[in-house]
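One-based numbering, in listed order, for ligands and for the atoms of each. Since we're looking at a predicted model, the values are computed, not measured. This chain uses plain numbering: 1 for the first residue, then up along the sequence.
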Amino acid sequence: LDANPDRSVAFYSQDMNQGMQERMRIESGLRQALGNGELTLYYQPKFEIGSDRLVGAEALVRWVHPTRGLVPPGEFIPLAESTGLIVQVGEWVLEQACAQAAIWQRAGVPPFRLAVNVSAREFTQSLPIRVADTLARYHLDPSWLELEITESTLMHDFERVTAIMDRITELGVALSLDDFGTGYSSLSYLKRFPIHTLKIDRSFTTGIPADQSDCAIAGTIISMARQLGLRVIAEGVETVDQLAFLREAGCDEVQGYLYAKPLPAFEFEQGMRENWLL
Ligand code: C2E
Ligand code: CA
Ligand code: CA
Ligand code: CA
């Protein structure tokens with residue numbers, strides 16, 4: 001028992017205050033960052049297992065903070081999601097990703113899908129309109145674009161979510177289900193939603209091959225995806241043992257440090273020129 005309850009209350013509210021101040025500091029900093037052009041995109045390649053061809057890339061946002069340096073998304077995306085600022089961040093990310101893809105398209109790079117992460121809060125009726133408008137403005141072929149959504153997006157109003165997904169896929173833009181296996185969506189969703197690719201979450205990839213349950217989960221996701229006619233990619237692949245297991249299990253694609261970390265555009269282009277099979 002706390003002998004001095006008043007003191008613990010005082011500490012508690014002080015902690016809460018500090019937490020809130022920190023959040024407000026990050027929020028106003030992020031608002032400024034959007035205006036000042038402090039956000040940037042890194043690109044991580046995705047490869048087809050077997051052929052080792054570059055088949056896609058994921059755009060991952062970074063905040064180049066004037067004093068703190070490169071701030072990873074884990075430190076501001078969750079906050080942006082809870083404050084609603086994610087909508088503006090997402091708008092910037094889609095714009096920037098399409099601008100970059102259009103540069104590659106014009107340069108004659110063999111097309112691959114550039115995936116953009118989309119939070120549940122961004123998944124509204126206006127999203128397909130914004131996607132169509134952005135593709136049109138950059139004269140970007142829709143086969144260059146993919147949206148990665150998570151199971152939490154699917155948990156909302158079924159009719160509404162399906163209508164939005166249908167409109168996006170009608171544009172020719174692919175949808176993938178990110179962090180698959182970590183959420184609570186029922187498997188029947190997979191049949192009902194127009195999803196092209198399942199992304200096995202890194203938490204399962206990490207345990208391969210030592211952890212039997214992780215191997216079983218990854219193997220099950222892969223065989224289920226194949227039976228449903230979906231493509232499947234494993235994220236967070238760091239070792240050749242993981243790659244060997246995934247290849248054996250029939251996984252289509254891989255992404256991870258074994259091949260490349262997320263890279264700034266110029267380094268990604270260097271990879272395309274010098275190292276990767278296009
Ligand atoms: P995510 O979508 O699951 O992205 C994969 C994360 O795993 C990235 O972290 C990536 O750098 C990291 N990763 C990739 N390969 C490996 C590997 O082999 N080993 C390890 N240890 N990590 C690997 P990152 O860039 O820090 O992004 C974290 C999360 O932030 C993302 O998770 C995503 O949920 C969110 N995020 C990033 N950019 C955006 C964005 O533009 N919009 C939204 N809404 N969310 C974003
Ligand atoms: Ca993702
Ligand atoms: Ca993921
Ligand atoms: Ca993940």
Side-chain angles (χ1 to χ4, degrees), residues 26 30 33-34 38-47 56-65 69-101 113-124 127 130-131 134 145-153 174-183 185 195-208 214 218 221 232-243 246 251 253-265 267-268 271:
I26 298 175
L30 185 56
L34 274 161
E38 289 169 22
L39 297 185
T40 191
L41 288 185
Y42 275 39
Y43 303 90
Q44 188 178 33
K46 304 176 180 180
F47 296 91
E58 178 174 9
L60 294 153
V61 71
R62 302 285 182 266
W63 178 1
V64 189
H65 194 277
L70 212 62
V71 184
E75 286 180 33
F76 63 92
I77 290 288
L79 182 97
E81 284 174 336
S82 68
T83 59
L85 208 54
I86 190 67
V87 173
Q88 281 97 296
V89 172
E91 283 174 7
W92 182 86
V93 170
L94 180 69
E95 187 76 23
Q96 186 59 32
C98 288
Q100 182 59 73
R113 285 201 190 267
L114 181 56
V116 168
N117 290 284
V118 175
S119 298
R121 276 182 90 143
E122 301 176 64
F123 210 79
T124 62
L127 181 66
R130 196 154 53 78
V131 169
T134 313
L145 188 63
E146 174 174 340
L147 303 182
E148 294 191 3
I149 60 173
T150 60
E151 290 167 274
S152 61
T153 299
L175 288 170
S176 58
L177 197 47
D178 203 359
D179 302 341
F180 188 70
T182 60
S185 64
I195 290 163
H196 301 80
T197 306
L198 293 186
K199 249 189 133 168
I200 300 172
D201 190 64
R202 178 157 64 86
S203 60
F204 304 120
T205 309
T206 305
I208 298 171
D214 286 345
I221 294 175
V232 59
I233 178 168
E235 68 175 12
V237 176
E238 295 183 351
T239 70
V240 289
D241 286 349
Q242 289 167 350
L243 179 63
L246 292 161
C251 191
E253 299 170 17
V254 281
Q255 174 184 358
Y257 294 175
L258 179 63
Y259 287 84
K261 292 193 170 181
L263 303 166
E267 283 185 45
F268 188 92

State the CG-OG1 distance between D201 and T206, to the nearest 0.5 angstrom. 8.0 Å

Do any of the N, O or S atoms of D179 sit under 3.0 Å from the Ca ion (ligand 3)? yes

Atom of E148 nearest the Ca ion (ligand 2) (restricted to N/O/S, atom name only): OE1

Determine the minimum heavy-atom distance between S176 and E148, stating which atoms define it. OG-CG, 3.2 Å

Sub-3.5 Å N/O-N/O distance, V61 and ligand 1: yes

So, does K261 sit close enough to ligand 1 that a heavy atom of it is under 4.0 Å from the ligand? no

Between CG of L175 and CG of L145, what distance do you get to the nearest 0.5 Å? 9.5 Å

Taking only non-hydrogen atoms of Q255, do any sit less than 4.0 angstrom from ligand 1? no

The one among A115, P73, A80, S119 that brings a heavy atom closest to atom 28 (C) of ligand 1: P73

Using 30° and 60° as the class limits, which term best fits the ring planes of F76 and W63: parallel, tilted or perpendicular? perpendicular

Of all heavy-atom pairs between V71 and H65, which one has the smallest distance, and what is that distance? CG2-CB, 3.7 Å

Proximity flag E122 to ligand 1, non-hydrogen atoms under 4.0 Å: yes

To atom 25 (O) of ligand 1, the nearest of Q96, R62, Q242, Q44 on a heavy-atom basis is R62

Run the numbers for me: atoms of ligand 1, each under 4.0 Å from some heavy atom of V237, listed by number. 18 (O)

Shortest non-hydrogen separation from T205 to A234 and the atoms involved: OG1-CB, 4.1 Å

In Å, rounded to the nearest 0.5 Å, how long is the span from CZ of F204 to CG of D179? 9.5 Å

Spatial distance of atom CG (L127) from atom OG1 (T153) [nearest 0.5 Å]: 10.0 Å

Which N, O or S atom of E58 lies nearest to the Ca ion (ligand 2), by name: OE2

OD1 (D178) to the Ca ion (ligand 3) to OE2 (E235) angle, given to the nearest 10 degrees: 130°

Reference residue E58; test salt bridge (Lys or Arg N to Asp or Glu O under 4.0 Å); the match among R113, K46, K199: K199

Is the shortest N/O to N/O distance between E148 and ligand 1 below 3.5 Å? no

Min N/O separation E81 to ligand 1 under 3.5 Å: no

Heavy atoms only, cut-off 4.0 Å: how does I86 contact ligand 1, side chain, backbone, both, or neither? side chain

If the contact criterion is a heavy-atom separation under 4.0 Å, does G90 count as touching ligand 1? no

